[in-house]
Amino acid sequence: MVSENPFGQFRRECEEALAKAIKKTLPEIKAPTITLNKTPNIEFGQLASSICFDLAKKLNQKPIVVAEHLVKAIDKSSFNLIEKVVFAGAGYINFHVDFTKFSALTLESIKKLKYDYGFVKTANPQKIIVEHTSVNPLHPIHIGQARNPMLGDALARILEYRGHQVSRHYYVDDVGRQSSVVAYGYQKLGRPKPTEKADHFVGKIYTVTSCLVEINRLKRAREVAVAVRSAEELVKTNKEIDEWMSIAAELKEKFPVLFEVLMAKIGEDENPEEEINRLNRAYEDGEPNAKQLIREVSDLCLEGFKETMARVEVSYDSWDWESDFVWSTQVSEVMQKLKTSPFVFTEKGVLEFDAEKVAQIFKLKSKLGLSETHEIPTLTLMRADGTTLYTTRDVAYTLWKFGQAQKVINVIGMEQSLAQLQLKLALYALGYGEFADNFVHFAYNLVTLPGYKMSSRRGHYITFDEVLDEAVLRAYEEVSKRSPQLSEEEKRSIANFVGIGAVRYALVDVDSSKPVVFTWERVLNFETNSAPYVQYTHARACSILRKAAREPEKPAYDLLAERLERELILNLAGFPDMFIEATEYLKPNNIADYANALADKFNTFYNALPVIKADSQELSDARLVLTQAIQIVMHNALNLIGIVAPEKM
RNA sequence: GGGCCCGUAGCCUAGUACGGAUUAAGGUGUCGGCCUUCGGAGCCGGAGAUCGUGGGUUCAAAUCCCACCGGGCCCGCCA
């Protein structure tokens, strides 16, 4: 017999048994919803119901008395996996699984389904777009931004395994002013070929250019302040200039040649800021030279991103350029439609979107989890000069996404929650309520560095590449120390998947709503609760199976009676439920936790109980099957979060 | 000022959506053990927690409600 969800099957049996008993003994009570809880202790069985506390109130009896009646009325003979049902505590009903049958069912199912085990398919498969990463092509991806692709990719993976048709999208935000800044600097340098990894190369140009342009702008602002004799303005501007001058000094020291050249070239322009604005406008208008230039420098940077993402095995199905939506009619069409809706008004010559009014008229506040008294701020849709703003363009982009998917999940930092809410409300305003309902902002909390704030403008950041390099280097040292007998090639390959796995794990492991403080210690952790730990445990399981060098022929599952063995079987049987939950509630960190807990338990198991040299051949066979099952499930779990499950390390 | 998120041993984290069992679960660090058979990236044991604070709801609260405190983020004709 094979079950794709052994624990789920047991749960269903218990629910049915209990429902029948209630119907039989208490026909006057209308069928309550039955939810079963995991027990705190294996001695209380595997599932428990506390329904008697509710029933007791209605019946005006003691919970334990009700429990006793119900237990007596339960006919377990018509069920397969229920060994016994007992009443306990103040009024619990505890269900005990028949371990002989359950172990056989679980282990045989895993053996049969193998690398498909656990991935229960949804009854409602959908086309889903997961947009993630979407780092602006201005500078290398830094560690604060790297949490995004790690979460996004894990989400895409689990949804895919769930049976959805997932498409991973990268939104290239090339329309902002910042893109024009870097393009301007790049142009001034004569469009040089990168002398290093392209995104790092572009990043330096961006940082230095933006600093020089800012200083130039502030100096002109100071002249104005002097001319109009505004002391207040003068003090403020001077302060800003001082700040930027210190950044400039830092940059000059770090990149002396680049700094000198850019300073000379930018100095040729009377008003660099005006040049940049002109470039920006030309780009939005689709002027060919501007297009050529900005696309060229953006592409350069994206090439660097692709290299980085290839290292961590993250890829994308679609690269969506924001500019394409501006150049086509899509953005202007959305604007037109919004303009004619009752939710857009003009104020001081600019178009404003009244998100609050939408929420009120469509009565969305409680649905969106907002308090009735909270007033949602308006959103500016268009500048006075007729150019559009980021969120406006995002509305067009989102509609385009819904043209090819039923559900859209945006992996975007929680600092953009308001903008994402306004975007959702714009969809309602446009009459696309169904889209809005299937529009998910997967918000995650920030990664911060202890000590200082990351600032891409200042060039103060730890790049994701650096973190990966360091992790692989550290892993190499570890492998060399622990397994000196391995060949150089093996060591390098192991160091790579261990180091990268460690980083992926560290960024996925924490609940996405919680902030993460980046420390090297966290990411380079190779001990318990890390990818290397789970990987190592997986390799040990493989090692035992290798050493046994035989297929278990007569496993006697009833001999797996040790508490540890039973707990392991329960863990394995619960993998499908865990997977379903992680997928439905978008909690990739659950997978990491599960893998770690399974590794923990397995480590304890094989340290305490001999597998190959067990007392009897039948027991040894049973433990071998158990070990196989653990190896398979650990492999499947690691796979879900994009981590290699090695046979040796 | 308004809104959102976070607050669990020295440090890091699970549990919170859906309230349940005398003892709130791991890790790290700390103290003490383990070449015992399958790889010590490991295993076993000890100490270590007013679950931010105060109220409330409930037979039952880390979990739900209210108020407050601490930290972060957002409230741009930036993205």
Side-chain angles (χ1 to χ4, degrees), chain A residues 33 35 37 39-41 44 48-50 53-54 56-57 62-63 88-92 94 134 136 138 173 175-179 322 347-352 369-371 373-385 387-391 393-394 413-419 421 443-446 448 475 478-479 481-483 498 509-511 513-517 519 521-522 525-530 532-537 539-548 581 584-585 587 589-590 593 596-597 599-600 603-604 606-614 623 627 648-649:
Chain A
T33 354
T35 51
N37 304 308
T39 57
N41 193 310
F44 295 138
S49 169
S50 53
F53 292 99
D54 285 331
K57 206 173 293 171
K62 282 197 162 174
Y92 296 96
N94 293 338
S134 304
N136 296 182
L138 306 168
D173 173 23
V175 179
R177 214 187 79 99
Q178 294 167 323
S179 285
E322 192 176 14
E347 193 177 74
K348 294 181 211 152
V350 301
L351 286 179
E352 294 283 335
L370 305 165
S371 86
T373 53
H374 173 231
E375 204 170 310
I376 305 163
T378 59
L379 170 74
T380 305
L381 293 170
M382 197 187 259
R383 295 190 186 93
D385 68 359
T387 57
T388 54
L389 281 113
Y390 175 81
T391 306
R393 299 188 294 260
D394 208 356
M414 62 152 220
E415 72 277 9
Q416 291 203 43
S417 294
L418 175 58
L421 173 68
Y444 60 92
N445 216 314
L446 266 37
T448 53
E478 293 290 319
V479 191
K481 200 165 69 196
R482 297 171 200 274
S483 310
V498 167
D509 177 47
V510 179
D511 188 306
S513 71
K514 308 215 176 184
V516 167
V517 178
T519 58
E521 195 186 31
R522 181 195 282 275
N525 173 26
F526 289 6
E527 293 173 7
T528 308
N529 197 14
S530 71
Y533 171 73
V534 181
Q535 287 173 317
Y536 176 76
T537 310
R540 290 295 301 271
C542 290
S543 169
I544 291 173
L545 296 173
R546 249 194 327 269
K547 198 141 203 163
E581 204 172 283
E584 297 308 305
Y585 295 102
K587 297 191 69 152
N589 60 308
N590 284 180
D593 282 341
N596 185 251
D600 262 346
N603 272 312
T604 307
Y606 76 76
N607 266 283
L609 304 167
V611 174
I612 297 168
K613 294 181 184 166
R623 285 185 180 157
T627 304
K648 291 180 188 172
M649 66 184 268

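Quick caveat: nothing in here was measured; it's all calculated off a predicted structure. A note on names: the letters A, B, ... follow the listed sequences, proteins ahead of strands, and every chain is numbered from 1.
Contact annotation for A/M649: base contact, defined as any heavy-atom pair under 4.0 Å involving a base atom. When heavy atoms are screened at a 4.0 angstrom cut-off, A/N94 is found touching base atoms of the nucleic acid. A/P377 comes within 4.0 angstrom of sugar-phosphate atoms only, judged by non-hydrogen atoms across all strands, and of no base. In this structure, A/E347 reaches neither bases nor backbone, as no heavy-atom distance under 4.0 Å exists between it and the strands shown. Note on A/L609: a base of the nucleic acid sits closer than 4.0 angstrom, heavy atoms only. Here A/N596 lies out of heavy-atom contact (under 4.0 Å) with every strand. Nucleic acid contact for A/N136: sugar-phosphate only, since backbone atoms but no base atoms lie under 4.0 Å from a heavy atom of the residue. A/A48 comes within contact range of at least one nucleobase, with a heavy-atom separation under 4.0 Å. A/K62 comes within 4.0 angstrom of nothing in the nucleic acid, heavy atoms only. Within the nucleic acid shown, A/N37 has no heavy atom closer than 4.0 Å to any nucleic acid atom. A/L389 comes within contact range of the sugar-phosphate backbone alone, with a heavy-atom separation under 4.0 Å but no base atom that close. Among the heavy atoms of the strands, none lies under 4.0 Å from A/T373. Among the heavy atoms of the strands, none lies under 4.0 Å from A/E375. Residue A/D385 is classed as having no contact, given no heavy-atom separation below 4.0 Å to the nucleic acid.
Nearest nucleotide to the side chain of A/E527, out of B/C38, B/A17, B/G29: B/G29. Nearest nucleotide to the A/E352 side chain, out of B/A21, B/C77, B/G40: B/C77. Side-chain proximity of A/Y606 to the nucleotides B/G39, B/C73, B/G42 is greatest for B/G42. Side-chain proximity of A/M414 to the nucleotides B/A21, B/G15, B/C73 is greatest for B/C73. Listed candidates were B/A17, B/A21, B/G42. Nearest to the side chain of A/E581 is B/A17. Minimum atom distance to the side chain of A/E478 is reached by B/A41, of the listed B/G27, B/G39, B/A41. With distances taken from any side-chain atom of A/N603 to the nucleotides B/C73, B/A41, B/C43, the minimum falls on B/C43. Here B/A14 is the nucleotide among B/C77, B/C75, B/A14 with the atom lying nearest to any side-chain atom of A/N589. Comparing atom distances between the A/T528 side chain and each of B/G42, B/A41, B/A14 picks out B/G42 as nearest. Distance from the side chain of A/D511 is smallest for B/G15 among the nucleotides B/G15, B/C5, B/A21.
With a cut-off of 3.5 Å on both pairing distances, B/C18 has no Watson-Crick or G-U wobble partner at all. For B/G10, the paired base is B/U28 (Watson-Crick or G-U wobble, both distances below 3.5 Å). Within the shown strands, B/G33 is the pairing partner of B/C43 under the Watson-Crick or G-U definition, both distances less than 3.5 Å. Across all strands shown, B/A67 pairs with B/U53; the Watson-Crick or G-U wobble distances both stay below 3.5 Å.
Taking atom P in both B/U23 and B/U28, one finds a spacing of 26 Å when rounded to whole Å. Here, B/C65 and B/C31 have their C1' atoms 44 Å apart, quoted to the whole Å. On the P atoms, B/C18 is 15 Å away from B/C5, given to the nearest whole Å. B/G48 and B/U8 have their C1' atoms separated by 14 Å, given to the nearest Å. Taking atom C1' in both B/C4 and B/G42, one finds a spacing of 43 Å when rounded to whole Å. Separating the P atom of B/G46 from that of B/G7 is a span of 29 Å, rounded to the nearest Å. Comparing B/G52 with B/G70, their C1' atoms sit 7 Å apart, to the nearest whole Å. B/C59 and B/A21 are spaced 13 Å apart, taking the C1' atom of each and rounding to whole Å.
Distances shorter than 4.0 Å separate some side-chain N or O of A/T604 from OP1 or OP2 on B/C44. Checking the phosphate oxygens (OP1, OP2) of B/C43, a side-chain nitrogen or oxygen of A/Y533 falls inside 4.0 Å. Regarding contacts with the backbone of B/C73, every side-chain N or O of A/S417 stays at 4.0 angstrom or more from both OP1 and OP2. Between A/R383 and B/G76, a side-chain N or O to OP1/OP2 separation shorter than 4.0 Å is absent. Under 4.0 angstrom from either OP1 or OP2 of B/G76 there lies no side-chain N or O belonging to A/K348. Taking side-chain N and O atoms only, A/K514 has a distance below 4.0 Å to OP1 or OP2 of B/G7. OP1 or OP2 of B/G40 sits under 4.0 Å from a side-chain N or O of A/R540. Note on A/K547: a side-chain N or O is less than 4.0 Å away from OP1 or OP2 of B/G39. For B/C4, the OP1/OP2 oxygens have no side-chain nitrogen or oxygen of A/N445 closer than 4.0 Å. In terms of phosphate contacts, A/R522 brings a side-chain nitrogen or oxygen within less than 4.0 Å of OP1 or OP2 of B/U13.
One finds the CZ atom of A/R546 at 10.5 Å from the CZ atom of A/R540 (value rounded to the nearest 0.5 Å). How far CD of A/E347 is from CD of A/E352: 5.5 Å, rounded to the nearest 0.5 Å.
Closest-nucleotide positions on RNA chain B for A/G349 and A/V479 were compared, and the one nearer the 5' end corresponds to A/V479. Nucleotides of RNA chain B nearest to A/I544 and A/S49 differ in position, and the one nearer the 5' end is that of A/S49.
A/S179 contributes no side-chain N or O that, together with a main-chain N or O of A/V175, makes up a donor-acceptor pair within less than 3.5 Å. Judged purely by atom type and a 3.5 angstrom limit, A/R383 has no side-chain atom pairing as donor or acceptor with the backbone of A/L389. Side-chain atoms of A/S543 never come within 3.5 Å of backbone atoms of A/A539 as a donor-acceptor pair (strictly under, hydrogens ignored). Although no hydrogens or angles enter the test, the distance criterion places a donor-acceptor pair under 3.5 Å between the side chain of A/N603 and the main chain of A/A599.
The base of B/A41 has none of its N or O atoms less than 3.5 Å from a complementary donor or acceptor on the side chain of A/N525. Interface remark: the A/S543 side chain does form a donor-acceptor pair with the B/G39 base, using a distance-only criterion of under 3.5 Å.
No more than 12 heavy-atom neighbours from other residues, nucleotides or ligands sit within 6.0 angstrom of CD on A/E375.
One interatomic measurement links the two molecules: CG of A/D593 to C1' of B/A14, which rounds to 6 Å at whole-angstrom precision.
The side chain to side chain contact (heavy atoms under 4.5 Å, CB included) test with A/T380 singles out one residue from A/L351, A/V350, A/T391, A/T388, and that residue is A/V350.
Counted by atom type alone, A/N590 and A/Y585 present zero donor-acceptor pairs between their side chains at under 3.5 Å.
The aromatic ring of A/F44 sits over the base of B/A21, with ring centres less than 5.5 Å apart and planes inclined by under 30°.
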